[in-house]
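Here is the structure we will look at, set down as structure tokens.
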Amino acid sequence: MRAVRIGIPLAALGAALFIFGGLMHAADTSIPIYFPNSKLIVKAETFNRATYIPIKEIIEFMGVPYTDARALETLTIRSGNSRLLMTKNSALMSYNNQILLLPSPILREEERWLAPIEFLTIGLTRLTGTEFRYRPGTPRIYADNVDSPELEMNAQTLGPITRLTLRCSVPLNVDLKRDNQRAILAIDRPALDPVRERLDHRDRMVRSIIFDDSDGDAKIVLDITREVTDMRLTGADNNRVFFLDLLEKKELVTEAEPPPVVTPAPAAKPDVTPAERKVRVVVIDPGHGGMDTGAKSASMVEKDFTLVFARKLRTALQTRLGMTVLLTRDSDVALDNEARSAVANNNQANLFISLHAGYSANKLDHGSSVFVMKENFGQAFTTSAAGRRDQLFLPWYLGYHTHHQASVSAANVLQEELSKAIPESKFAVRTAPLAVLSSATMPSVLLEIGNFNNPVNAQTLADDGFQRHLADALVNAILRFSESPQAAAN
Amino acid sequence: MPRHIKISLIVFGIGGAIAMGFFVDIVGRVRSMVNERETEENPFKPPAQPLYAPTDPPMAVKIFFPAVSGDSLLVAEDQTIFKSAEIANRARQILQKIQEGPGHDTMVAPLPKETKVQDIFISEQGTAFIDFSDTMATAHPGGVLNELSTIYSIVDSLTYNLPEIRQVKILIGGVEKETLAGHCLLLLPLDMDLSITNVMPHEEKSAQLK
């Protein structure tokens with residue numbers, strides 16, 4: 001008896017869900033339709049997971065005549081000698097003498113005629129000749145030959161800052177506004193086609209990043225946290241690329257340790273202004289991380305040494321040269337090689353330095369090496385008959401090729417400055433097929449320092465004073481390279 | 001305690017015991033599978049074929065080993081193998097010599113001791129696919145130069161002595177790995193590079209002799 005008492009309401013609930021669930025109605029959304037010189041915002045509705053758009057509003061906007069026969073419950077749209085007839089609650093339409101089938105029936109709600117979004121391409125395009133384009137699942141439609149440049153968004157946590165990178169094939173005007181806990185990037189360009197509607201990036205400074213053009217004006221809305229105290233918007237590549245940096249108070253003091261006492265380096269010319277330096281963004285890659293410890297000495301593992309030294313080098317570059325310096329990792333995390341070079345590529349770095357510690361079977365060895373990518377590596381695997389169009393699709397492992405000569409110049413400068421600063425150690429320039437350099441599209445080098453298998457050398461490498469001295473030598477080298485003709489400016 | 005709760009508890013207890021039994025059995029099976037994989041003595045494994053026939057003539061080869069010091073990263077050591085009919089068997093003999101290590105203390109062994117060559121395949125295009133055991137990566141001490149020596153000790157020893165092998169593609173544990181120890185790219189086959197050795201290429205050598 002008790003089971004019957006519970007069973008009957010459950011069965012009733014199931015039946016109700018089965019019968020009425022089909023007519024579940026999701027919230028209305030605004031969809032802009034971009035025409036060549038104008039735009040129309042329509043309220044779209046969702047029934048049974050199908051997107052419905054109001055037909056009459058669209059055809060009125062396009063100036064197409066129609067007849068709404070209430071008694072017959074039909075809507076007839078005319079264009080020239082052609083006629084498109086549709087009936088309430090039917091997925092069939094009559095176009096001249098043809099029958100057209102829509103994926104779901106046409107609905108009528110009081111004065112509104114609602115048709116599934118496919119009506120535009122199946123019915124209206126045939127009748128009027130106006131083509132409609134839309135990506136399924138995206139809330140915007142492009143009519144006729146409206147130019148819809150793709151907009152790519154990418155967000156990264158780079159140590160103390162969060163960076164949103166925007167890329168577009170055409171120049172944009174972007175304006176940054178802050179509205180309490182939201183940052184809004186207003187883009188003065190209609191009919192943009194975002195590759196992704198929202199980014200799944202979430203960190204301590206940003207909760208969500210969403211592209212929104214529901215009112216016809218393109219904008220990116222960032223839901224930011226109270227950690228963000230400042231924001232910086234920078235344009236690059238003739239305003240085709242924009243970087244939005246979310247900064248917190250600690251950003252300028254990047255180290256937990258006190259900033260080093262900076263002494264002017266002998267190579268730093270006092271009359272050189274930052275404007276004359278071509279290298280503005282340097283990406284430093286502390287090798288290994290996470291489960292990948294790298295080489296081991298008696299007292300230290302390579303992943304810790306590279307991170308500590310990378311932080312020191314960052315501080316030295318920021319304080320002495322005022323450069324923008326990013327680390328590929330600022331904690332003990334594992335990263336694959338492609339992700340490391342991607343940080344440099346995505347941030348338009350002018351120089352990429354990967355830091356490693358050496359390990360030689362010879363316990364007395366204490367030499368270091370500056371590596372560049374092996375010349376012509378991987379070129380045998382590309383099609384020699386590739387046309388100009390195919391060159392757009394460069395295999396990732398050939399990213400190094402364009403700046404190979406500049407990489408060699410950078411390595412030579414590093415070798416000279418390091419040999420000058422640490423004369424007791426030998427620094428050799430070598431080439432190797434290195435994964436982390438292969439896809440870096442800027443001058444890039446890998447520095448392998450010392451020998452972890454040499455107990456004396458390992459102790460020296462761990463010394464704070466030695467690390468600062470080494471960082472100073474590297475800053476001198478980067479300054480020299482930055483002023484050389486081989487350095488590539490953005 | 002009411003009777004129905006007692007019954008429920010007993011049923012739950014029996015269910016839990018059965019579930020635990022299944023779990024233990026599954027864990028045991030997985031472990032035994034892993035152990036089987038690691039066991040070298042597979043009863044279904046065909047007996048090892050000799051790498052050369054007694055009638056095969058000897059063949060002088062240069063095996064490249066990492067140098068302890070000096071300008072060259074790799075130094076060649078003259079050794080002898082037997083000219084077996086199959087190129088893959090000659091390659092196996094060369095790899096065996098690399099595994100055994102050098103005869104002089106001016107050079108070091110390039111491979112971790114426990115490394116095994118699991119399989120060799122040579123394509124028609126002259127690419128040798130060498131599959132090493134996981135140990136090669138897991139027991140590698142690291143360092144860019146060290147990794148470079150390990151890789152080119154294999155590549156140069158094979159391509160220098162066997163002209164039929166033009167490139168070498170290294171696999172680890174039966175699969176393609178991005179790098180050996182985090183540095184050198186292994187996704188593409190590698191060509192001979194004698195610039196890091198104390199040996200000059202064949203064509204330069206013959207030009208000098210003329």
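Just so it is clear: chains get the letters A, B, ... in the order the sequence lines come, proteins before strands, and each one is counted from 1.
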For A:R430 and B:V144, run side chain to side chain contact (heavy atoms under 4.5 Å, CB included): C-alpha distance rounded to whole Å, both residues' side-chain angles, the deciding distance at 0.1 Å, then the answer. CA-CA 11 Å; A:R430 299 177 192 272; B:V144 186; over 6 Å; no
Interatomic spacing from [atom1] in [X] to [atom2] in [Y] - rounded to 0.5 Å:
X: A:F377; Y: B:C184; atom1: CZ; atom2: SG; value: 9.0 Å
X: A:S369; Y: B:L145; atom1: OG; atom2: CG; value: 4.5 Å
X: B:S195; Y: A:E375; atom1: OG; atom2: CD; value: 11.0 Å

Side chain, backbone, both or neither: which part of [X] has a non-hydrogen atom closer than 4.5 Å to chain B?
X: A:L437; result: neither
X: A:A432; result: both
X: A:S354; result: neither

Nearest non-hydrogen partners of [X] and [Y], listed with the distance:
X: B:G143; Y: A:A295; answer: N-CB, 4.5 Å
X: A:H288; Y: B:A181; answer: CE1-O, 3.6 Å
X: A:E338; Y: B:E178; answer: N-OE2, 4.3 Å
X: B:N146; Y: A:Y359; answer: CB-O, 3.3 Å

If one checks every heavy atom of B:I196 against chain A at 4.5 Å, the contacting part turns out to be neither
Are more than 12 heavy atoms from other residues, nucleotides or ligands located less than 6.0 Å from atom CD of A:Q459? no
Name the option with the most non-hydrogen atom pairs under 4.5 Å to chain B; the candidates are A:N337, A:D365, A:D292, A:V436. A:N337
Please examine the side chains of B:L148 and A:P433, heavy atoms only from C-beta on, and report whether any two atoms are closer than 4.5 Å. yes
